[in-house]
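My questions will all concern the structure given below.
Each chain gets a letter, A, B and so on, in the order the sequences are listed, and its residues count up from 1. The figures here come from the full heavy-atom set of this structure, side chains too, leaving out hydrogens, waters and symmetry mates.
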2 protein chains.
Amino acid sequence: MDLDARVHLLKTIADATRLRILGLLAEEPRSGRQLAEALGLGAPTISHHMARLVEVGIVRVTPDGTRRLYALNAGLLDAAAAPAATATVAPIADPDHARHVRIFFDGPRLRSIPAKRKARVSVLLELLRRFEPGRRYAEAEVNALLREAHDDVAFLRRELVDYRYLAREGGVYWVNPDVPDRDANEAQEVPAGEAAWLGQLVRGVVAG
Amino acid sequence: MDLDARVHLLKTIADATRLRILGLLAEEPRSGRQLAEALGLGAPTISHHMARLVEVGIVRVTPDGTRRLYALNAGLLDAAAAPAATATVAPIADPDHARHVRIFFDGPRLRSIPAKRKARVSVLLELLRRFEPGRRYAEAEVNALLREAHDDVAFLRRELVDYRYLAREGGVYWVNPDVPDRDANEAQEVPAGEAAWLGQLVRGVVAG
DNA sequence: GTTAAACTTCGATGAACATCGAAGGAGTGA
DNA sequence: TCACTCCTTCGATGTTCATCGAAGTTTAAC
């Protein structure tokens with residue numbers, strides 16, 4: 001996480017409305033409408049803030065009928081609570097990874113799905129990081145997470161399973177604990193340091 | 001610390017230039033000129049940022065000849081490092097305290113020194129909070145800290161000592177560990193919680 | 001007093017952005 | 001298909017604020 005990223009993240013949290021939103025989401029997940037009512041703000045304003053919060057990863061969103069349910073990203077906070085645990089997926093060592101990500105991602109969205117295998121692997125690994133290791137996901141949850149990146153969730157899901165990045169049994173998915181085929185991947189320790197101060201911050205700020 | 005204060009503090013840190021300044025000050029104290037050179041910015045810009053950082057208490061300033069030396073407020077960071085310690089001065093329980101502070105303070109500055117004893121006590125206790133308990137101060141340091149509030153530092157210093165808020169021996173001052181005469185003061189526990197997340201944040205952000 | 005260095009204040013400029021109303025999807029159910 | 005709800009996008013508005021040059025202030029040294 002470089003300077004710009006940190007500034008971006010801080011700027012995102014440094015707003016009264018968004019702090020109040022985080023406080024509400026810390027109690028329970030809520031829809032946009034609920035947040036708008038609770039804060040006395042218009043729907044466009046809420047939409048604006050939620051887009052920012054989701055973009056930096058503090059909030060997760062799942063479609064639910066015509067509504068969209070927003071929830072605090074528990075993974076970050078849990079990582080902060082157990083600062084010794086290494087709860088993140090091992091880093092990606094492919095030197096072209098960053099370039100691929102830059103080319104194919106537009107924020108959280110995927111501009112397109114790469115045709116070439118190497119770039120597709122980069123994109124899939126990047127998507128894999130949105131899943132919490134150890135947690136089990138229903139197929140709908142997997143779809144919801146992937147839909148933040150691209151509409152063809154079925155293809156992405158199939159690819160993730162084919163590459164063994166996601167394991168599946170019945171309708172339940174989870175991150176493969178020892179991901180295969182990750183080029184030159186030496187599983188270096190990434191203690192939850194980065195997530196730790198973020199989570200600590202969010203906890204502290206939200207708790208008041 | 002209410003919502004607005006937290007937002008204000010976050011907004012203060014959420015700036016690339018100020019984060020770089022904090023990073024530099026984490027290494028060693030520096031003057032405004034040094035910071036301007038290191039960052040390639042104009043003197044007015046540095047002055048602007050330093051005023052903000054000092055106002056929120058992350059940075060301390062001491063005059064040094066024609067220069068002003070800026071240093072990270074070690075107290076906050078130390079409080080974060082030992083999260084169990086209660087390193088802050090006991091809170092002020094006088095119900096009129098907040099009103100007095102609002103009336104007589106304009107940011108860190110004192111509009112005037114209250115003539116009435118009650119209000120003056122409030123102001124003095126508020127000033128006392130700018131000192132780190134346990135730390136020993138040279139008279140020049142005491143003056144420097146008080147000068148941020150008002151030019152008549154001699155009067156303020158004498159009052160602080162007269163009220164036994166500051167103890168003195170030789171030329172050395174320190175916060176009286178058991179402050180007397182603090183109306184209805186039941187020394188409630190204020191674990192360094194607030195400072196903790198701030199310090200944790202600064203540490204994390206600065207360390208990268 | 002005078003000069004020089006370091007810093008602050010003032011005013012202006014431009015960029016970022018929170019908010020809103022109006023219009024435009026998108027999902028749900030008749 | 002139609003209506004309804006929820007949400008997003010667009011365009012406009014007003015505010016905040018980082019930055020700079022110019023001018024003012026403070027401190028030290030002679």
Discussion item. I need the CG-P distance between B:Leu39 and C:dC7, as an integer number of Å.
Written reply: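 Answer to the nearest Å: 13 Å.
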Item to complete: Starting at atom CD1 of B:Ile21, determine the distance to atom P of D:dA18, rounded to an integer number of angstrom.
Response: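 From B:Ile21 CD1 to D:dA18 P: 10 Å.
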Item to complete: Hey, which sits more toward the 5' end of DNA chain C by its nearest nucleotide, B:Pro44 or A:Arg52?
Response: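 Residue closer to the 5' terminus by nearest nucleotide: B:Pro44.
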Item to complete: Return no unless some side-chain N or O of B:Thr17 is found under 4.0 Å from OP1 or OP2 of D:dT19.
Response: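 Indeed, a polar side-chain atom of B:Thr17 lies that close.
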Discussion item. Using whole Å, what does the distance between atom P of nucleotide C:dA15 and atom NE2 of A:His8 come to?
Written reply: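 In whole Å, C:dA15 P lies 19 Å from A:His8 NE2.
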Worksheet item: Touch check for A:Ile46, heavy atoms < 4.0 angstrom, all strands: base, sugar-phosphate only, or nothing?
Response: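 Nothing, no nucleic acid heavy atom in range.
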Practice prompt. Of all the heavy-atom pairs spanning B:Leu160 and B:Leu124, show the shortest one and how long it is.
Written response: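 Between these two residues, the closest heavy atoms are CD2-O, 3.7 Å.
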Worksheet entry | Ionic contact status for A:Glu55 with A:Arg52, cut-off 4.0 Å |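 A:Glu55 and A:Arg52: not salt-bridged.
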Worksheet item: So, the side chain of B:Arg68 versus the backbone of B:Val61: is there a donor-acceptor pair under 3.5 Å, distance only?
Response: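 Answer holds: no.
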Worksheet item: When we call it a touch if two heavy atoms are under 4.0 Å apart, what does A:His49 touch: a base, just sugar-phosphate, or nothing?
Response: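 Touches sugar-phosphate only.
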Worksheet item: Rounded to the nearest Å, what distance is computed from the CZ atom of residue A:Arg147 to the C1' atom of nucleotide C:dG27?
Response: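 For the pair A:Arg147 CZ and C:dG27 C1', the rounded distance is 12 Å.
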Discussion item. The side chain of A:Ser31 is closest to which nucleotide in this list: D:dT19, D:dC7, C:dA18?
Written reply: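 Side chain of A:Ser31 sits closest to D:dC7.
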Item to complete: Output the distance between atom CZ (A:Arg20) and atom CG (A:Asp15), rounded to the nearest 0.5 Å.
Response: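 CG of A:Asp15 is found 10.5 Å from CZ of A:Arg20.
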Discussion item. If you assign each of A:Asp64 and A:Thr45 to its closest nucleotide in DNA chain C, which residue comes earlier from the 5' end?
Written reply: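 Comparing both residues, the 5'-ward one is A:Thr45.
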Practice prompt. May I have the distance from A:Leu41 (atom CG) to C:dG21 (atom C1'), rounded to whole angstrom?
Written response: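 Between C1' of C:dG21 and CG of A:Leu41: 14 Å.
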Discussion item. Rounding to an integer number of Å, can you tell me how far A:Leu35 CG sits from C:dT19 P?
Written reply: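 Going from A:Leu35 (CG) to C:dT19 (P), I get 13 Å.
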Worksheet entry | Euclidean distance, atom NZ of residue A:Lys11 to atom C1' of C:dA15 [Å, nearest integer] |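 Distance check: A:Lys11 NZ to C:dA15 C1' gives 11 Å.
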Worksheet item: Atom CE of A:Met50 to atom P of D:dC6: distance rounded to whole Å?
Response: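 To the nearest whole Å, that distance equals 16 Å.
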Worksheet item: Under 4.0 Å between a side-chain N or O of A:Arg68 and OP1 or OP2 of C:dA26?
Response: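 No, A:Arg68 has no side-chain N/O under 4.0 Å of OP1/OP2 on C:dA26.
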Item to complete: Return the 5'-most residue of the pair A:Arg33, B:Arg18 with respect to DNA chain D, ranking by each residue's nearest nucleotide.
Response: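 Whichever sits nearer the 5' end wins; that is A:Arg33.
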Worksheet item: To the nearest 0.5 Å, what is the distance between CE (B:Met50) and CZ (B:Arg18)?
Response: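 It comes to 10.5 Å.
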Discussion item. Quick check for you: among C:dA6, D:dT5, D:dT8, whose closest atom lies nearest to any side-chain atom of A:Thr66?
Written reply: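 Among C:dA6, D:dT5, D:dT8, the one nearest the side chain of A:Thr66 is D:dT5.
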